[in-house]
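Residues: numbered from 1 along the sequence shown. Computed from heavy atoms alone, side chains included, the values below leave out hydrogens, waters and symmetry copies.
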Amino acid sequence: MAEKEKDELEKMNEALSMSEQFVEKYQKPLLWGLVVVVVVIGAILSVRHFYLLPRQDKAQAAMYQAVMAFENDSIDLAINGNEKFDGLLTIVDQYGSTDAGNLANAYLGLAYYEKGEYETAQKYLSKFSADESILAPAMMAAIGNCLVDMEKYDESVKYFEKAAKASDNPVFSPIYLKKAAAVYEKLGNKEAALKLYQEIKDKYPTSNDARGIERYIERAQNK
């Protein structure tokens with residue numbers, strides 16, 4: 001296997017290795033007797049080992065091929081797959097309950113965005129869920145992009161601001177704030193745009209998006 005493919009597979013396995021949370025969530029008894037607790041935990045472990053984990057392994061294997069197609073700009077192949085591997089649509093349909101199936105929603109949304117099918121893209125991006133500060137905000141911003149391209153500016157700006165807040169770091173937050181500010185300018189709301197440009201300057205002064213931010217501030221002030 002090529003070194004690049006190894007790296008991609010390792011990244012995917014790391015991102016999808018969350019199955020232990022299943023046991024942690026359901027293993028705590030709720031004032032039940034000892035016998036009931038043992039039965040419940042035994043049932044959970046059985047489901048995990050004989051149903052969830054095998055499905056997760058199959059989903060991860062399918063995801064690897066689909067993601068490689070996506071990254072090689074073979075968008076239709078990534079979506080539909082071929083006789084050798086399942087596409088993202090099949091992965092979402094058959095393995096939607098797995099982490100890989102969840103991640104497939106994100107890739108599927110991005111794939112449809114590349115095709116210019118923004119409503120469908122928003123549909124799948126909205127199905128993705130994650131409790132972390134990089135990928136989840138990025139998908140929020142992607143939904144914002146879909147809405148901008150559908151000229152739903154009032155809705156889009158909310159997603160960009162939400163993404164900036166959820167991300168809360170000097171790399172990505174300024175990007176999302178600037179997107180939101182640009183939409184506010186499009187809407188003619190110069191005060192809201194100015195506030196966000198000023199936030200980039202004050203809160204993220206060393207970020208790439210803070211470079212030349214004075215120009216944006218002056219533009220918002222003079223409109």
Side-chain angles (χ1 to χ4, degrees), residues 1-26 43-150 159 163 167 171-172 175:
M1 183 182 293
E3 191 65 28
K4 180 180 178 182
E5 293 180 339
K6 282 186 178 179
D7 291 342
E8 293 295 338
L9 185 56
E10 288 174 1
K11 290 178 183 178
M12 186 174 297
N13 286 336
E14 181 180 350
L16 298 175
S17 61
M18 300 167 61
S19 59
E20 292 301 328
Q21 294 180 9
F22 184 90
V23 176
E24 293 176 7
K25 180 177 180 181
Y26 293 101
I44 290 170
L45 291 175
S46 295
V47 169
R48 178 174 181 268
H49 285 286
F50 295 107
Y51 179 73
L52 291 180
L53 290 183
R55 285 173 61 82
Q56 178 77 324
D57 290 342
K58 291 179 181 178
Q60 286 189 36
M63 270 294 290
Y64 177 72
Q65 298 292 336
V67 169
M68 289 299 99
F70 178 87
E71 293 186 352
N72 288 325
D73 295 324
S74 300
I75 303 301
D76 287 327
L77 181 60
I79 292 174
N80 300 305
N82 58 22
E83 66 278 0
K84 295 181 179 179
F85 69 89
D86 291 330
L88 294 167
L89 279 173
T90 300
I91 296 169
V92 166
D93 181 59
Q94 294 187 359
Y95 307 107
S97 61
T98 68
D99 295 321
N102 181 42
L103 188 59
N105 280 310
Y107 273 103
L108 197 51
L110 296 174
Y112 277 113
Y113 183 84
E114 289 295 316
K115 288 171 64 68
E117 298 181 27
Y118 305 123
E119 190 170 346
T120 303
Q122 181 189 0
K123 169 187 171 183
Y124 286 106
L125 289 168
S126 298
K127 290 182 178 181
F128 173 77
S129 63
D131 186 18
E132 45 77 62
S133 61
I134 296 179
L135 188 57
M139 294 305 105
M140 294 176 197
I143 293 173
N145 286 337
C146 292
L147 293 167
V148 165
D149 286 308
M150 290 189 285
Y159 280 94
S167 181
V171 177
F172 297 105
I175 296 174

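- Looking only at side-chain heavy atoms (C-beta outward), Leu89 and Tyr124 come within less than 4.5 Å of each other.
- Proximity of Tyr112 to Leu125: side-chain heavy atoms (C-beta onward) are nowhere separated by under 4.5 Å.
- For the pair Asn72 (side chain) and Ser74 (backbone), a donor-acceptor distance under 3.5 Å is absent.
- Nearest heavy-atom pair, Ala130 versus Ala136, reported as atom, atom and distance to 0.1 Å: O-CB, 3.5 Å.
- Heavy-atom contacts from other residues, nucleotides or ligands closer than 6.0 Å to CD of Glu119 number 12 or fewer.
- Within the 3.5 Å criterion, the main-chain N or O of Ser129 finds a donor-acceptor partner in the side chain of Asn102.
- Within the structure, the side-chain hydrogen bond (donor to acceptor under 3.5 Å, both in side chains) test picks out the following pairs touching residues 136-148 (sequence neighbours left out): Asn145-Lys179.
- Closest heavy-atom contact between Ile91 and Gly101: CG2-CA, 4.2 Å.
- Between the Asn82 side chain and the Phe85 main chain, a donor and an acceptor come within less than 3.5 Å of each other.
- Considering only residues two or more places apart in sequence or on other chains, Leu135 meets the side-chain contact (heavy atoms from CB on, under 4.5 Å) condition with Leu103, Phe128, Glu132, Met139.
- Applying the salt bridge (charged side-chain N to carboxylate O under 4.0 Å, His left out) test to Asp76 and every residue at least two apart in sequence or in another chain returns Lys115.
- Judged purely by atom type and a 3.5 angstrom limit, Ser126 uses its side chain to pair as donor or acceptor with the backbone of Gln122.
- Tyr95 has its side chain out of reach of Met63: every pair of non-hydrogen atoms, C-beta onward, lies at least 4.5 Å apart.
- Of all the heavy atoms in Tyr159 and Met140, the pair that sits closest is CB-O, 3.4 Å.
- Heavy atoms only, all atoms of each residue included: Ala78 and Phe70 are closest at CB-N, 3.7 Å.
- With rounding to the nearest 0.5 angstrom, the CD1 atom of Ile75 is 11.5 Å from the CD atom of Glu117.
- Between Leu88 and Ala66, the shortest heavy-atom distance links the atoms CD2-CB, 3.8 Å.
- Nearest heavy-atom pair across Ala121 and Cys146 is CB-SG, 3.7 Å.
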